[in-house]
Amino acid sequence: MSRFLDRCLQKTDAYTPGEQPRDKQYIKLNTNESPYPPAPEVINAVNAEDLGSLRLYSDPTCKVLKEKLSALYGVKPQNVFVSNGSDDILNFAFYAFGRENGAVFPDITYGFYSVFAQLHGVEYSEIPLKDDFTVDYKDYLGINKFIAIANPNAPTGISLPVWQIEEIVKTNPDNVVLIDEAYVDFGGESCYKLTEKYDNLLVVRTFSKSRCLAGGRLGYAFGCEELIADIEKIKYSTNPYNINRLTLKLGEATVDNDGYYMEKCGEIIKTRAFTKAALENEGFTVLNSDTNFLFAKSNRISGEKLYLELKNRGILIRHFSKERIKDFNRITIGAPEEMELFIKAVKEILYGEKK
Ligand SMILES: *Cc1c(COP(=O)(O)O)cnc(C)c1O
């Protein structure tokens with residue numbers, strides 16, 4: 001660190017992304033990417049002409065993509081924001097809405113919330129999940145701070161019903177409530193329609209998980225016109241062309257092919273049920289998941305040991321060292337064949353080699 005670095009930045013613990021090792025080919029069950037490729041129409045959406053057009057800036061208003069998203073979800077284009085990944089939007093939201101009154105979020109949740117809070121000097125507190133790892137919505141009623149909740153939550157996979165979200169939004173009218181719906185397509189209930197009724201609700205979504213486009217970097221958000229204008233202002237004050245031409249085209253084709261993605265979500269939900277049952281069969285405690293991952297622990301092997309043994313066998317899962325969840329691992333749902341290999345490896349690790 002240089003002696004010139006700003007004080008807030010000095011105190012920020014940067015986010016640790018899931019590992020992406022290149023030493024060999026792993027079965028990657030550690031960063032919640034989709035095991036499936038984008039729809040064929042998406043793969044064919046970019047041609048040589050588009051590459052030639054890269055000499056020109058991209059459309060800063062993202063007009064076509066916004067129109068397509070608003071048609072698919074039945075909202076107006078003024079109620080949609082798009083940006084370079086949903087992390088970008090979370091960053092903007094903490095900056096825009098967190099600094100005045102401070103922020104709260106659960107103690108076990110997406111690791112980026114505390115990073116953005118530190119980065120922007122937002123005072124924050126973490127509200128502990130209940131013993132069963134659920135969010136108690138009553139902890140957030142009338143709290144009068146900026147609130148960030150991932151619904152379904154990560155890394156637990158558990159979701160809140162929309163009526164509880166509505167209570168939180170309703171009882172905090174003078175602060176923004178950000179609901180991060182990164183995983184909502186895998187079984188959660190979306191609250192985005194409430195943005196028509198409440199001016200303090202911002203619903204953030206991503207193309208990275210259910211839209212098989214993590215490497216394209218595309219996120220979007222729903223909110224009332226004024227909230228969207230607020231975060232547009234930050235985008236226009238930092239990097240108006242933050243979605244490149246190619247990703248815009250891929251995003252448009254993705255929205256056009258929603259059926260393909262809903263079908264893939266259905267397959268992942270089936271594979272999740274198979275994997276959960278198989279782990280429970282081996283004595284694991286597995287939390288109920290509305291996402292494309294499972295959060296599980298064994299009483300026969302520590303979370304860290306299982307993670308390391310699987311890595312030795314070429315399978316990556318995510319282990320967190322935070323005290324409260326160190327016995328658990330987060331396991332992304334891959335393709336059925338990958339999950340069969342995963343379960344086979346788990347059995348080998350638990351019962352000794354090759355039985
Ligand atoms: C993956 C994830 C994101 C980030 O998604 P990007 O759009 O790839 O930046 C946001 N929130 C949660 C809870 C996530 O798990």
Side-chain angles (χ1 to χ4, degrees), residues 14-20 28-35 38 62 65 69 80-95 103 105-117 119 126 129 133 135 147-160 165 177-188 190-192 202-222 231 235 239 242-244 247-248 250-251 254-255 261 265 268 272 287 289-295 317-318 320 322 325 328-333:
Y15 180 71
T16 318
E19 58 188 329
Q20 308 277 6
K28 271 195 90 269
L29 308 177
N30 69 326
T31 47
N32 297 342
E33 292 140 325
S34 176
C62 306
L65 178 59
L69 280 168
V80 184
F81 179 71
V82 292
S83 203
N84 186 325
S86 61
D87 289 337
D88 220 22
I89 309 179
L90 301 173
N91 181 27
F92 291 173
F94 272 85
Y95 181 62
F105 39 84
D107 63 339
I108 308 293
T109 190
Y110 188 39
F112 240 133
Y113 302 157
S114 58
V115 176
F116 290 134
L119 182 65
E126 300 182 351
L129 298 182
F133 293 103
V135 170
I147 296 170
I149 294 177
N151 191 39
N153 196 14
T156 62
I158 300 170
S159 59
L160 289 180
I165 300 285
V177 177
L178 182 156
I179 302 297
D180 180 348
E181 293 192 339
Y183 299 103
V184 76
D185 296 313
F186 302 103
S190 177
C191 67
Y192 81 93
L202 187 68
V203 178
V204 179
R205 299 240 187 126
T206 178
F207 283 66
S208 295
K209 315 291 169 41
S210 62
R211 266 52 183 192
C212 316
L213 209 62
R217 311 306 304 129
L218 193 56
Y220 59 111
F222 298 118
I231 47 178
K235 169 173 144 161
N239 186 2
N242 71 350
I243 307 179
N244 71 72
T247 295
L248 277 177
L250 300 177
T254 299
V255 180
Y261 294 97
C265 287
I268 287 169
R272 179 178 78 204
L287 303 190
S289 170
D290 283 324
T291 63
N292 66 340
F293 58 82
L294 292 170
F295 203 48
I317 59 174
R318 185 89 194 250
F320 300 91
K322 203 167 191 171
I325 52 172
F328 282 81
N329 283 297
R330 192 192 68 192
I331 304 141
T332 304
I333 302 301

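As the structure lists them, so they are numbered: ligands from 1, and atoms in each ligand from 1. Just so it is clear, the values below take in all heavy atoms, side chains as well, and ignore hydrogens, waters and symmetry mates.
Partners of Phe94 according to the ring pair (Phe, Tyr, Trp, His ring centres under 6.0 Å) rule, which considers only residues two or more places apart in sequence or in another chain, are Phe146. Every residue two or more places apart in sequence or in another chain that forms a ring pair (Phe, Tyr, Trp, His ring centres under 6.0 Å) with Tyr113 is listed here: Phe105, Tyr110. Under the ring pair (Phe, Tyr, Trp, His ring centres under 6.0 Å) criterion, Tyr261 pairs with no residue at all, not counting sequence neighbours.
In this structure, the side chains of Phe328 and Leu287 come closer than 4.5 Å at one or more pairs of heavy atoms.
For the residue pair Thr254 and Leu213, the shortest heavy atom distance occurs at OG1-CD2, 4.1 Å.
Distance alone, capped at 3.5 Å, places no donor-acceptor pair between the Asp107 side chain and the Glu126 backbone.
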Can you pull every nitrogen or oxygen pair between ligand 1 and the protein closer than 3.5 angstrom?
{"from": "ligand 1", "atom 1": "5 (O)", "to": "Ser86", "atom 2": "OG", "distance (Å)": "3.1"}
{"from": "ligand 1", "atom 1": "7 (O)", "to": "Ser86", "atom 2": "N", "distance (Å)": "2.7"}
{"from": "ligand 1", "atom 1": "7 (O)", "to": "Ser86", "atom 2": "OG", "distance (Å)": "2.9"}
{"from": "ligand 1", "atom 1": "7 (O)", "to": "Thr206", "atom 2": "OG1", "distance (Å)": "2.5"}
{"from": "ligand 1", "atom 1": "7 (O)", "to": "Ser208", "atom 2": "OG", "distance (Å)": "3.4"}
{"from": "ligand 1", "atom 1": "8 (O)", "to": "Ser208", "atom 2": "OG", "distance (Å)": "2.6"}
{"from": "ligand 1", "atom 1": "8 (O)", "to": "Arg217", "atom 2": "NH1", "distance (Å)": "2.8"}
{"from": "ligand 1", "atom 1": "8 (O)", "to": "Arg217", "atom 2": "NH2", "distance (Å)": "3.3"}
{"from": "ligand 1", "atom 1": "9 (O)", "to": "Ser86", "atom 2": "N", "distance (Å)": "3.2"}
{"from": "ligand 1", "atom 1": "9 (O)", "to": "Asp87", "atom 2": "N", "distance (Å)": "3.0"}
{"from": "ligand 1", "atom 1": "9 (O)", "to": "Asp87", "atom 2": "OD1", "distance (Å)": "3.4"}
{"from": "ligand 1", "atom 1": "9 (O)", "to": "Asp87", "atom 2": "OD2", "distance (Å)": "3.1"}
{"from": "ligand 1", "atom 1": "9 (O)", "to": "Arg217", "atom 2": "NH2", "distance (Å)": "2.8"}
{"from": "ligand 1", "atom 1": "11 (N)", "to": "Asp180", "atom 2": "OD1", "distance (Å)": "3.3"}
{"from": "ligand 1", "atom 1": "11 (N)", "to": "Asp180", "atom 2": "OD2", "distance (Å)": "2.7"}
{"from": "ligand 1", "atom 1": "15 (O)", "to": "Tyr183", "atom 2": "OH", "distance (Å)": "2.5"}
{"from": "ligand 1", "atom 1": "15 (O)", "to": "Lys209", "atom 2": "NZ", "distance (Å)": "3.1"}

